[in-house]
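The structure appears below as structure tokens.
Counting convention: from 1, in listed order, for ligands and their atoms alike. Values below: every heavy atom of this structure, side chains too, minus hydrogens, waters and symmetry copies.
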Amino acid sequence: MTDSSVQQVLTERGLTRRDFLKFCSSMAGALALPRRYSTRIAQALEAPKRTPVIWMEFQDCAGCTEALLRASRPTVAEIVLDILSVDYHETIMAASGHRAEEAKKQTIDAGGYILVVEGSIPRAEDGVHCCIGGRTALDLLSEAASNALAVIAVGHCAAFGGVPRAAPNPTDAVGVMDLVKDKPVLNLPGCPYNTVNLTATVVHFLTFGELPAMDELLRPLFAFGARIHDNCERRGHFDAGHFVMEWGDEGHRLGWCLYKMGCKGPVSFHNCPAVRYNDGASWPIGSGHGCIGCSEPDFWEWGAYNVTELQKFTPPDTFAPVQLPVQQIAPASAALMGGLAGLAVGAAGAAAYASLSKKEKPEAAEDAPAEEE
Ligand code: SF4
């Protein structure tokens with residue numbers, strides 16, 4: 001594709017400018033930016049110069065590429081990826097052989113591109129376990145990263161090693177961040193990663209010229225800053241002690257908590273409850289299966305159906321309890337009593353909380369599940 005403005009691409013795709021501006025607002029929201037930033041995002045995306053992308057694929061199942069292509073209809077998010085110039089992608093590019101390699105070389109020599117990596121990189125026996133065109137993944141990654149503005153590792157394999165790195169890790173597979181030390185690296189783990197998060201990361205980079213804020217595992221905070229358990233639609237059932245005990249039992253049919261079926265939501269950080277998968281249609285817990293923790297480094301070792309150990313109780317402050325005792329009292333009395341009780345409890349609670357050190361926080365109820373920090 002030659003250089004073209006967003007407006008041209010929109011017209012070709014049959015979308016309106018209003019669609020585009022709505023998308024910019026939603027991206028500002030996804031990135032946890034104030035709404036006024038949507039104008040700046042729009043201006044950045046309308047720049048006529050398209051940023052080149054090289055997409056390298058190593059030890060993986062191509063599921064992350066599938067996720068990229070999976071959208072069922074043209075969306076503005078796809079257009080944002082259209083306005084990038086994907087100069088090299090082994091799975092989807094039309095060119096092949098020497099022509100494809102030449103296109104990649106030209107992009108690398110020119111610099112100023114984003115490198116996206118899918119799949120882990122094997123180090124055993126000098127990297128011979130993954131070769132493309134007679135060169136090892138180790139060599140290809142080193143070359144492709146050499147002139148990149150930033151490197152985005154998509155999927156668990158590229159971020160943390162994925163299935164290839166699971167014990168006994170016969171190829172000594174690792175993720176990108178273990179090898180690329182001199183360029184900004186960002187991880188979008190997940191199996192597969194969520195394309196919404198790639199789009200938001202790209203939008204942030206194009207708008208501000210840098211990668212978004214990250215945690216210690218190089219995951220963007222806008223997508224990995226919150227625990228799944230704290231935003232889960234089944235959380236009320238966890239707090240009420242309503243657990244699925246067997247696949248297909250009454251609790252499963254009623255949508256109860258999947259903790260005892262091995263759900264890893266209490267120890268996993270990802271925005272799945274908000275963005276979901278497949279154009280926002282659903283996500284694993286919404287479909288009745290526990291979270292497998294695919295945003296966390298060692299999730300393949302955890303065992304999908306092993307119950308995760310919790311060490312600390314988290315107060316039920318996100319969702320209203322599922323069951324509340326119903327009491328009949330007159331509205332006026334309720335308001336008065338509620339006000340007085342609120343003042344008393346609030347003052348006592350504030351004083352008590354202020355006097356508590358972290359270690360002195362309340363213990364879990366004896367029969368309540370405890371949670372890890
Ligand atoms: S344990 Fe899993 S299903 Fe239950 S509330 Fe937490 S995240 Fe949701």
TODO: Under the salt bridge (Lys or Arg N to Asp or Glu O under 4.0 Å) rule, what do Glu143 and Arg135 come out as? Steps first, then yes or no, please.
DONE: CA-CA 11 Å; Glu143 177 191 59; Arg135 295 174 65 193; 3.4 Å; yes
Task: Salt-bridge present (Arg165, Asp298; N to O < 4.0 Å) - done: yes
Task: CA sep, side-chain torsions, deciding dist, call: Arg227, Glu296, salt bridge (Lys or Arg N to Asp or Glu O under 4.0 Å) - done: CA-CA 11 Å; Arg227 195 188 299 261; Glu296 304 304 317; over 6 Å; no
Open item on the list: Assess whether a salt bridge exists between Asp249 and Arg253, defined as any Lys/Arg side-chain N lying under 4.0 Å from an Asp/Glu carboxylate O.
Closed with: no
- [ ] Evaluate the criterion ring-ring contact (aromatic ring centres under 6.0 Å, His included) for residue pair His270 and Trp283; output intermediate values, then yes/no.
- [x] CA-CA 12 Å; His270 209 172; Trp283 65 302; 9.6 Å; no
- [ ] Salt-bridge test for Arg99 and Glu102: reply yes if a basic N is under 4.0 Å from a carboxylate O, no otherwise.
- [x] no
Task: Neighbouring protein N, O or S atoms of atom 6 (Fe) of ligand 1 [cut-off: under 2.8 Å, no waters] - done: His229 ND1
